[in-house]
Amino acid sequence: MSELTSKTIAQLRDGFRAGEFAATEVAEAFNAAVVAGRALNAWTVETPELALEAAKAADAARSSGDLKPLSGIPLGIKDLFCTEGVDSTTASKILTGFKPTYESTVSGNLKRAGAGMLGKLNMDEFAMGSSNETSAYGPVISPWRRNDGGNAALTPGGSSGGSAAAVSAGMAPGVTGTDTGGSIRQPAAFTGISGIKPTYGRCSRWGIVAFASSLDQAGPMAKDVRDCAIMLENMCGFDPKDATSLDLPVPQWEAGLSSDLKSKRVGIPKEYRIDGVPDEINAIWDKGIDFLKDAGAEIVEISLPHTKYALPTYYIIAPAEASSNLARYDGVRYGLRETPQGGNLDAMYAATRAEGFGAEVKRRIMIGTYVLSAGFYDAYFTKAQKVRALIKRDFAEAFAKCDLILTPTAPSAAFGLGEKMSDPLAMYLNDVFAVPASLAGLPAMSVPGGLDAQGLPLGLHLIGKELDEQTVLNAGLAIEERAGFTARAEKWW
Amino acid sequence: MSVSEKEVRHVAKLARLALSDAEIDKMVPELNNILGWVEQLGEVNTDGIEPLTAVIENHTRLRDDVVNADPLTGGGVRDDILKNAPDAQHGFFAVPKVIE
């Protein structure tokens with residue numbers, strides 16, 4: 001990484017303001033890193049001209065004293081966000097060539113805050129996946145490698161895999177991700193960076209391609225906790241265009257950062273000690289407990305009795321909502337159209353969807369359509385919504401005893417590309433620690449905790465009370481200060 | 001519960017997905033595997049539990065009842081809406097003939 005591309009958002013912002021370098025120099029350095037990093041396949045679209053344009057505006061604003069919070073900061077945007085005039089593909093063939101005539105609220109908020117856009121980031125198709133291997137553009141390759149000398153290509157995690165790889169490889173100082181069942185936190189853990197999913201409703205979903213509407217939530221991924229706070233402040237906010245948007249002021253999370261956790265109680269859920277999880281995961285969890293104790297927190301054991309049922313609940317609700325949301329891809333209004341010779345309108349719908357969707361998306365549409373179909377709706381979907389209510393109640397009861405919950409982020413370090421693709425259920429288990437917080441709509445964050453024996457990053461996962469992102473960020477900062485995680489992927493690309 | 005090949009074909013039709021025979025053959029065991037796994041929810045006693053519909057408490061809001069209350073949904077954006085259509089004619093979405 002060059003000197004500029006190794007800096008955090010806070011360092012870039014402050015250095016730019018102090019006149020140490022120009023915004024155009026920053027944009028040029030990251031644009032060059034994007035080109036140099038093409039072997040990682042992290043981007044679906046590169047927009048160096050947009051990054052430069054925003055940088056020029058930032059340089060002009062600096063001379064006129066009219067700076068905005070993110071002036072001089074170029075960012076990467078996950079390809080799930082609609083960006084005006086720029087291809088938005090959600091890594092699916094079905095949206096090939098789709099250029100929205102509007103901007104998603106979140107990416108628009110970042111633009112208005114002065115940020116530039118380096119490009120759109122590769123991801124699992126429609127955010128369905130935990131390894132980035134379902135992308136129609138091919139998998140993202142993690143910049144990290146095992147220290148066994150084998151050079152196996154590893155997953156950066158998913159679905160925000162391009163986002164994670166871009167930050168960890170120094171191609172962007174910060175990026176947007178989205179998290180439906182762990183899609184910000186698991187890739188952050190796999191690549192040694194930080195990422196937070198705020199309370200459901202903090203970020204507007206307007207203009208973000210919908211996967212599972214009751215779960216989807218945008219959030220930032222960046223090198224450290226402070227950068228996450230800075231980005232989150234500029235992404236959140238009430239939006240009348242999203243009926244689930246929360247009409248609440250956005251707290252000043254960066255100003256509120258403090259790693260002093262005195263008077264905070266941290267809950268350790270006993271149900272998260274799962275059989276078959278590698279010892280290294282439990283060891284990093286124990287280390288996290290020590291970090292938080294050292295920061296002044298009191299550790300209490302808590303119980304989340306329905307933890308075991310979170311994944312099966314998720315794999316009913318998310319595909320059900322997806323099957324409904326993805327009904328709009330029919331070849332009429334945007335994207336791909338396939339018309340079989342002599343076929344009628346129904347044949348066009350079915351052929352377009354068969355051609356445009358990949359295997360995992362089809363599988364989830366089928367599951368979702370089945371669990372919503374007449375005769376099975378109550379047995380599956382209503383039942384899952386009831387269990388979801390119990391999972392949410394578990395958290396409410398736990399938070400009567402603690403202010404925050406600490407768990408590992410994922411049940412393993414990054415795995416090799418192709419290792420789990422043949423077994424959908426094994427892949428789904430990746431999100432075993434992340435999914436419960438999503439079902440409950442709670443803010444949750446992953447921060448790097450350390451390395452495993454193979455030299456790969458492991459993440460620690462913090463779950464907060466609803467709307468209490470500040471405590472999550474503060475505990476993240478406490479871990480960051482104590483873990484002293486400075487490891488970076490060695491440049492091979 | 002397990003799904004048969006016939007049921008999978010029916011679901012594919014409901015989902016408007018043209019699946020090949022090979023895809024159906026592959027999907028039957030995959031769906032059964034996943035459905036068998038989610039059936040463990042049957043162990044959970046949910047008597048008297050209301051299904052969760054809103055994960056974070058929120059208020060239902062209404063837009064002002066006026067044309068162009070929201071410039072993005074209030075009309076006058078026909079060309080924008082048609083811009084990405086695979087086929088648009090005379091200001092409409094065009095589709096294969098449905099009426100003889």
Side-chain angles (χ1 to χ4, degrees), chain A residues 98-102 199-201 214 240-241 243-244 246-247 306 309 312-313 315-316 323 327 330-337 339 343-351 353-354 357 362-363 365-367 369-370 373 379-380 382-390 392 424-425 439-441 466, chain B residues 1 3 7-8 10-20 23 26-27 30-31 33-35 37-61 63 69-70 72-73 77 79-88 93-98:
Chain A
F98 175 56
K99 279 188 175 44
T101 53
Y102 50 87
T199 309
Y200 180 83
S214 77
K241 294 200 288 293
T244 58
L246 295 170
D247 192 359
H306 295 89
Y309 301 106
T313 299
Y315 278 99
I316 292 174
S323 75
D330 55 10
V332 174
R333 286 158 296 172
Y334 32 70
L336 185 80
R337 169 181 291 194
T339 315
N344 61 11
L345 187 61
D346 279 334
M348 184 195 89
Y349 293 151
R353 292 162 61 77
F357 292 136
K362 285 180 192 169
R363 191 181 293 138
I365 288 175
M366 290 289 288
I367 291 277
T369 304
Y370 180 76
S373 64
Y380 288 106
T382 307
K383 180 75 183 184
Q385 281 184 307
K386 288 181 179 176
V387 179
R388 187 177 184 183
L390 291 172
K392 185 159 175 64
L425 282 183
L439 287 170
E466 65 184 47
Chain B
M1 272 180 274
V3 291
E7 283 171 304
V8 172
H10 176 63
V11 174
K13 197 174 166 227
L14 293 177
R16 293 191 192 281
L17 280 173
L19 299 183
S20 66
E23 278 179 300
K26 207 167 161 247
M27 209 163 273
E30 276 178 0
L31 295 194
N33 201 11
I34 294 166
L35 289 170
W37 172 68
V38 300
E39 248 151 51
Q40 58 177 300
L41 295 189
E43 297 165 14
V44 186
N45 180 356
T46 50
D47 293 349
I49 302 295
E50 281 296 306
L52 184 144
T53 46
V55 68
I56 300 292
E57 216 163 300
N58 207 340
H59 304 285
T60 307
R61 299 181 296 269
R63 264 202 299 268
D70 176 349
L72 281 156
T73 55
V77 290
D79 293 345
D80 272 355
I81 287 168
L82 291 176
K83 209 168 219 163
N84 280 288
D87 191 6
F93 293 109
V95 297
K97 195 168 162 182
V98 273

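Note on naming: letters A, B, ... go to the chains in the order of the sequence lines (proteins, then strands), and numbering restarts at 1 for each one.
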So do A:Tyr334 and B:Lys83 actually touch side chain to side chain, heavy atoms under 4.5 Å? no
Only pairs of heavy atoms separated by less than 4.5 Å count here; which of A:Ala243, A:Ala327, A:Pro100, A:Ala351 has the most with chain B? A:Ala243
Does the A:Arg388 side chain pair with the main chain of B:Val55, one donor and one acceptor, at a distance under 3.5 Å? no
Donor-acceptor pair, B:Asn84 side chain versus A:Phe98 backbone, under 3.5 Å? no
Measure the spacing between CG of B:Asn33 and CG of A:Leu425 and express it to the nearest 0.5 Å. 4.5 Å
Per the side-chain contact (heavy atoms from CB on, under 4.5 Å) rule, which among B:Leu35, B:Val44, B:Val38 passes with A:Pro312? B:Val38
Cut-off 4.5 Å, heavy atoms of chain A, and the answer for B:Val98 is side chain
Minimum heavy-atom distance B:Leu17-A:Ala354, with the two atoms named: CD2-N, 4.2 Å
Give the member of A:Thr382, A:Asn344, A:Leu390 that has the highest number of heavy-atom pairs under 4.5 Å with chain B. A:Leu390
Options A:Ala440, A:Ala384, A:Ser214, ranked by heavy-atom pairs under 4.5 Å with chain B, top entry: A:Ala440
Is there a donor in the side chain of A:Tyr370 and an acceptor in the side chain of B:Glu7, or the other way round, less than 3.5 Å apart? no
Max heavy-atom pairs within cutoff under 4.5 Å with chain B, candidates A:Arg363, A:Lys386, A:Lys383, goes to A:Lys386
From the list A:Lys392, A:Arg353, A:Glu466, the residue making the most non-hydrogen contacts under 4.5 Å with chain B is A:Arg353
Taking all atoms of both residues into account, what is the closest heavy-atom pair of A:Arg337 and B:Asp87, and its distance? NH1-CB, 3.6 Å
Under 4.5 Å from a heavy atom of chain B, the part of A:Thr199 involved: side chain
Answer with side chain, backbone, both or neither: which region of B:Glu23 has an atom nearer than 4.5 Å to a non-hydrogen atom of chain A? side chain
Between A:Val332, A:Val387, A:Thr339, the one whose heavy-atom pairs under 4.5 Å with chain B are most numerous: A:Val332
Engaged part of B:Glu30 at the chain A interface, taking heavy atoms whose separation is under 4.5 Å: side chain
Which pair of heavy atoms, one from A:Gly343 and one from B:Pro96, lies closest together, and at what distance? O-CB, 4.1 Å
Side chain from CB out, backbone as N, CA, C, O: work out which of these in A:Ala347 comes under 4.5 Å of a heavy atom of chain B, or both, or neither. neither
Can you measure from CD1 (B:Ile34) to CD1 (A:Ile367) and round to the nearest 0.5 angstrom? 4.0 Å
Heavy-atom closest contact (B:Asn58 atom, A:Thr244 atom, distance): ND2-O, 3.2 Å
If you define the side chain from C-beta out and look only at heavy atoms, does anything of B:Arg16 sit under 4.5 Å from A:Ile365? no
Verify the neighbour count for atom CD of B:Glu50: are there more than 12 heavy atoms of other residues, nucleotides or ligands below 6.0 Å? no
What part of B:Ala54 is in contact with chain A, defined as an atom under 4.5 angstrom from a non-hydrogen atom: side chain, backbone, both or neither? neither
Note: vs chain A, highest number of non-hydrogen pairs under 4.5 angstrom among B:Lys97, B:Gln40, B:His10 is B:Gln40
Identify the two heavy atoms, one from B:Pro51 and one from A:Gln385, that lie closest to each other, and give their separation to 0.1 Å. CB-CB, 3.6 Å
Closest non-hydrogen atoms of A:Gly335 and B:Pro86, given as atom of the first, atom of the second and distance, are O-CG, 3.4 Å
Hey, are the side chains of B:Leu19 and A:Lys362 touching, using non-hydrogen atoms and a 4.5 Å cut-off? yes
Where does A:Met348 contact chain B at under 4.5 Å (heavy atoms): side chain, backbone, both or neither? side chain
Taking the side chain as C-beta and beyond, is there a heavy-atom pair between A:Ile316 and B:Leu41 under 4.5 Å? yes
